[in-house]
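To start, the structure under review is shown below, and the notes come after it.
Computed from a predicted structure; not experimentally measured. Labels below follow one simple rule: chain letters A, B, ... track the order of the sequence lines, proteins then strands, and each chain is numbered from 1.
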There are 2 protein chains.
Amino acid sequence: MSNISTLSQSTRFADISTMSDSAWRQQGSLWSNLRQVCDLLAIPAPATADQEDTVFQHVRFKAGQRIHRIGQAFDTLYIVNSGFLKTVHIDEYGNEQVLSFPMKGDLLGIDGIHKQHYASEAIALSDCDMILVPYKTFTALGRVHVELEQAMFNVMSREIVREQMMISMLSALSAEAKVARFLTNLGERFNQMGYSGRSFNLRMTRQEIGSYLGLTLETVSRTLSALNELGLISVEQREINLIDPVALKTLRRLPPAKARIKVSEKVTALVNKNLLPQWNGELAAALN
Amino acid sequence: MSNISTLSQSTRFADISTMSDSAWRQQGSLWSNLRQVCDLLAIPAPATADQEDTVFQHVRFKAGQRIHRIGQAFDTLYIVNSGFLKTVHIDEYGNEQVLSFPMKGDLLGIDGIHKQHYASEAIALSDCDMILVPYKTFTALGRVHVELEQAMFNVMSREIVREQMMISMLSALSAEAKVARFLTNLGERFNQMGYSGRSFNLRMTRQEIGSYLGLTLETVSRTLSALNELGLISVEQREINLIDPVALKTLRRLPPAKARIKVSEKVTALVNKNLLPQWNGELAAALN
DNA sequence: CGCCAATTTGAGTCCCATCAATATTTGTGG
DNA sequence: CCACAAATATTGATGGGACTCAAATTGGCG
């Protein structure tokens with residue numbers, strides 16, 4: 001019986017979180033070698049990687065569990081092999097700020113290097129399979145394989161750029177644009193993972209999305225409803241369908257809100273007169 | 001006559017931008033060695049640094065000049081030896097977003113590593129003396145001195161943490177709190193540089209402060225006036241005096257108590273009361 | 001089935017952006 | 001050194017977008 005439930009669970013996740021095919025079990029726990037880790041991170045593996053006998057242990061976390069917490073002594077980096085997480089920063093008053101939603105192939109824990117203590121907290125939003133990379137092991141490897149050191153600089157630089165974009169977005173965009181971009185970004189990441197970038201389920205609550213985007217949960221909910229009304233997406237609970245990804249991605253600070261309303265009124269009138277088949281995002285773009 | 005004006009200007013800046021004493025001139029341009037560079041970055045210099053014959057060239061920029069542009073091929077990192085700058089990101093519509101205000105000891109250009117092209121633009125706000133560190137030279141040094149590689153990871157990790165704090169601030173704080181923290185942060189940095197952290201001149205416009213904080217220039221101006229009225233600072237044009245730094249630093253809008261954490265809050269409280277030695281995984285399991 | 005968390009939706013409020021006018025400073029050339 | 005233009009800063013009036021408070025609905029789970 002327990003076999004069956006285990007099987008059904010792994011089947012349930014098979015569509016979204018494929019395990020590294022060649023990862024292997026040993027003593028009841030999963031292990032990956034250097035090449036597999038590099039593939040997962042989408043960085044070029046050292047030519048001599050296959051001769052490397054270093055292996056990396058996998059650890060499973062259940063939804064809700066913490067991978068590491070703020071202030072905890074730093075000693076290992078984590079790579080997401082499957083599952084979804086959030087990283088949060090908690091200020092001195094206990095307010096939670098979501099910083100990222102890591103998923104397959106993402107690296108966690110970089111912020112712990114600075115003070116040898118994690119600066120953020122990582123929490124599993126679904127059951128997760130994480131690969132442990134002890135920092136000491138990593139730096140030792142970096143000394144042997146120069147490409148690895150280089151790759152690490154690249155990954156960290158990319159993270160810095162990502163956060164710069166985030167800062168830009170937070171201070172420049174309207175709520176609608178923030179939510180729209182959030183959805184298209186999610187879609188692109190799903191795409192890169194080999195899944196549908198147009199149709200997916202949100203793994204996080206409106207609250208968490210709002211925290212991530214600097215909005216309240218009510219505003220997120222209202223904005224999703226509005227994008228739904230506009231025909232740019234369809235949304236029901238956590239099921240998202242991107243109907244017009246292009247319009248979503250280019251949606252900006254929507255200048256005068258009045259103009260928007262006028263346009264949609266115009267279109268609605270036309271639709272009502274059967275002069276237009278239906279409202280769609282392309283039309284919105286054309287009319288704006 | 002022109003001598004006098006030049007002299008008075010350099011005198012005016014002397015209090016805030018002291019040149020590395022031991023930097024030396026050669027062929028009309030200034031050079032620093034590895035130890036001097038490490039000191040400037042506040043990272044431990046390799047024990048063998050003095051035997052290192054690598055030297056780093058200085059380059060001077062006048063106020064308003066660009067150090068590097070977005071999209072420009074990346075090949076060198078810059079360290080601020082003296083002067084003040086801003087780094088900006090420019091979106092596809094030409095809108096400028098200020099990302100940081102680097103000053104003495106800060107490292108520029110990290111964001112270029114990722115794609116081998118700078119992702120941001122650095123502009124001198126005052127006359128600047130910058131040390132050039134060719135990326136290739138740097139990585140070569142990192143291979144020789146392990147401490148350097150380590151220090152680089154530290155610096156990049158610190159930058160990531162800094163941006164995380166920025167994101168938190170942007171999405172959680174009110175305009176007053178943003179401006180107040182901006183001022184105290186500036187003060188702390190001046191302090192670290194050995195200058196007064198309570199009395200200083202702003203090197204940037206209200207516009208640039210606003211861009212940095214996600215506010216309009218009018219709001220920045222109004223907020224400064226308000227903090228002045230409250231007696232927390234005195235401000236006249238760009239002259240700032242922090243009268244009550246403590247109150248400034250703790251000034252905040254109290255967000256809804258909803259977004260507060262539960263378990264970790266309890267644990268933190270216990271740790272603070274010395275009822276728990278420290279956080280550990282066993283506790284995590286017990287409380288989750 | 002009942003409880004609790006998550007979500008949706010509405011109504012009212014307020015903070016901050018926007019538009020606008022003025023004042024002050026900086027820079028430049030005569 | 002002064003005059004003029006351009007940039008910067010201050011202050012006011014107004015409106016809107018997002019927050020806050022509140023209630024109802026849905027969905028998940030024991």
*To the nearest Å, how far apart are B:K178 NZ and C:dA17 C1'?*
12 Å
_Can you list everything that forms a ring pair (Phe, Tyr, Trp, His ring centres under 6.0 Å) with B:F61? Sequence neighbours excluded, please._
none
*With sequence neighbours left out, which residue pairs that include part of residues 208-217 of chain B fulfil the salt bridge (Lys or Arg N to Asp or Glu O under 4.0 Å) condition?*
B:K86-B:E208
*Go through the structure and list residues passing side-chain hydrogen bond (donor to acceptor under 3.5 Å, both in side chains) with A:E163, not counting sequence neighbours.*
none
*Can you name the residues that form a side-chain hydrogen bond (donor to acceptor under 3.5 Å, both in side chains) with A:T184, not counting sequence neighbours?*
none
*Quick one, give me the B/S/- string for nucleotides 6-11 of chain D, reading 5' to 3', where B means a protein heavy atom under 4.0 Å from the base and S means that only happens at the primed atoms, P, OP1 or OP2.*
--SSBB
Residues 233-240 of chain B, side-chain donor-acceptor partners within the protein, below 3.5 Å, at least two apart:
none

*Protein-nucleotide distance (A:I209, atom CD1; C:dA6, atom C1'), rounded to Å*: 12 Å
Got a list of side-chain donor-acceptor pairs under 3.5 Å for residues 217-230 of chain B, not counting sequence neighbours?
residue : atom : partner : partner atom : Å
B:T219  : OG1  : B:T216  : OG1          : 3.0
B:T223  : OG1  : B:T219  : O            : 2.6
B:S225  : OG   : B:S221  : O            : 3.1

*asked:* By the 4.0 Å heavy-atom rule, please label A:G214 as base, sugar-phosphate, or nothing.
replied: sugar-phosphate
*How sharply is the helix from C:dC1-D:dG30 to C:dG30-D:dC1 bent, taking the axes over five pairs at either end and rounding to 10 degrees?*
50°
*Take the protein atom CD of A:E208 and the nucleotide atom C1' of C:dT7, then report the distance between them rounded to whole Å.*
14 Å
*Got a sec, which residues hit side-chain hydrogen bond (donor to acceptor under 3.5 Å, both in side chains) with B:D91, two or more places apart in sequence or on another chain?*
B:N95
*Take the protein atom CG of B:L202 and the nucleotide atom P of C:dT25, then report the distance between them rounded to whole Å.*
16 Å
*Test: B:R162 and B:D106 ion pair at under 4.0 Å*: no
*asked:* Measure CG/B:N201 against P/C:dT26 and give the value in whole Å, please.
replied: 11 Å
